A.B. asks: 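Structure below; questions to follow.
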Amino acid sequence: MEKITRISNELKDWILQTLKSGVNPESIVAAMVKKGFDQDFAYLTMLRILNNQSLKTVDGNQSPYMYESIEIAKRGNIITTTDREVKVLLKMDKPCIIYLDNVLSIEECDQLIHLSTNRLQPSEIIDPITGEKKAVPGRTSKGAYYHLNETNLIATIERRIEEITSHPLNHGEGLQVLNYNIGEEYKAHFDYFPANQIDMDKGGQRIATFLIYLNDVGAGGETIFPKVGLSIVPKKGTAVYFHYGNSHGQVDRMSLHSSIPVITGEKWVATKWIRQTTICQNSQMNEVLT
Ligand code: PD2
Ligand code: ZN
């Protein structure tokens, strides 16, 4: 079979991210070769990336990401849900980022932390080349995954996210709660999948992230969008929504983001990743979605 000797912008981004997250270059080259890339091409590509040299990508002249209007941005400064008023604190258009206050009550935050404490496992990333899940030094937090509607509390939070964002509940992956201790971080990454890992049977591409802050952090732990110099400081009960996938199947590379190391105290967040389409027909279905 003919070996692959071309690389896309997306794959280049993912290689950069994977390197940053601590995976060694040899493992990435080995994974590329396993996936059908020409060995010399894979080594040369890696060398160029490591030496910060220009790299010709197949989609080098891909048209720029087209920003589309999204539902949540049309809702005004106060978003009224069935059970609360959510206030918009900050809006950015490119990339699309919205910071929201009063998403969860103090009690709901405490209950979700309590529920997750004994369920935490070391966080993993999805290897951009092999698609396998694995722990890497660049993501040092611990996490707990929930099925859709797994408990009353989870169902309440999921319904609220649906009301705020207008994305149907069953377009969302199961909620993931993350806990970072001092020094722990999640290095710069994109939440969307590389093109070769989009599974249309499982909701397709990720298009948006809803990230809820479950506690105040003494120092550090901000969510950073380095391409636009934006830093979101965690505040208990607030949430940041960012949107990076459009109806043309493009993804927004401006949405690169990270969680910087916690300096004082600890950090708790709950993440909901939203897909293009239905992940499962029945939102009551207790299926593992990540
Ligand atoms: O915990 C965060 O601030 C954070 C930052 C970047 C979480 C995620 N990404 C994520 O869960 O994707
Ligand atoms: Zn992320």
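When a ligand or atom number is given, it counts from 1 through the structure's own listing order. As a basis for the values below, the full set of heavy atoms in this structure was taken, side chains included, without hydrogen atoms, waters or symmetry mates. None of these values were measured; they are calculated from a predicted model.
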A.B. asks: Taking distance alone, with no angle check, do H189 and ligand 1 share an N/O pair under 3.5 Å?
C.D. replies: yes
A.B. asks: How far is atom 10 (C) of ligand 1 from its nearest protein heavy atom, and which residue and atom is that?
C.D. replies: Y186 CE1, 3.7 Å
A.B. asks: Please determine if D191 has a nitrogen or oxygen closer than 3.5 Å to a nitrogen or oxygen of ligand 1.
C.D. replies: yes
A.B. asks: Y180 to ligand 1: N or O pair under 3.5 Å?
C.D. replies: yes
A.B. asks: Using a strict cut-off of 4.0 Å, indicate which atoms of ligand 1 neighbour a heavy atom of T223.
C.D. replies: 2 (C), 3 (O), 5 (C)
A.B. asks: Looking at ligand 1, would K267 count as a contact under a 4.0 Å heavy-atom criterion?
C.D. replies: yes
A.B. asks: Out of the N/O/S atoms in H189, what is the name of the one closest to the Zn ion (ligand 2)?
C.D. replies: NE2
A.B. asks: Just distances here: any N/O of Y213 and N/O of ligand 1 closer than 3.5 Å?
C.D. replies: no
A.B. asks: Ligand 1 versus L211, non-hydrogen atoms closer than 4.0 Å: side chain, backbone, both, neither?
C.D. replies: side chain
A.B. asks: In the protein, what heavy atom is nearest to atom 5 (C) of ligand 1, and what distance, to one decimal place, separates them?
C.D. replies: S259 CB, 3.7 Å
A.B. asks: What atom name does the N, O or S atom of H257 nearest to the Zn ion (ligand 2) carry?
C.D. replies: NE2
A.B. asks: Considering the heavy atoms of T271, write down every atom of ligand 1 situated less than 4.0 Å from one of them.
C.D. replies: 11 (O)
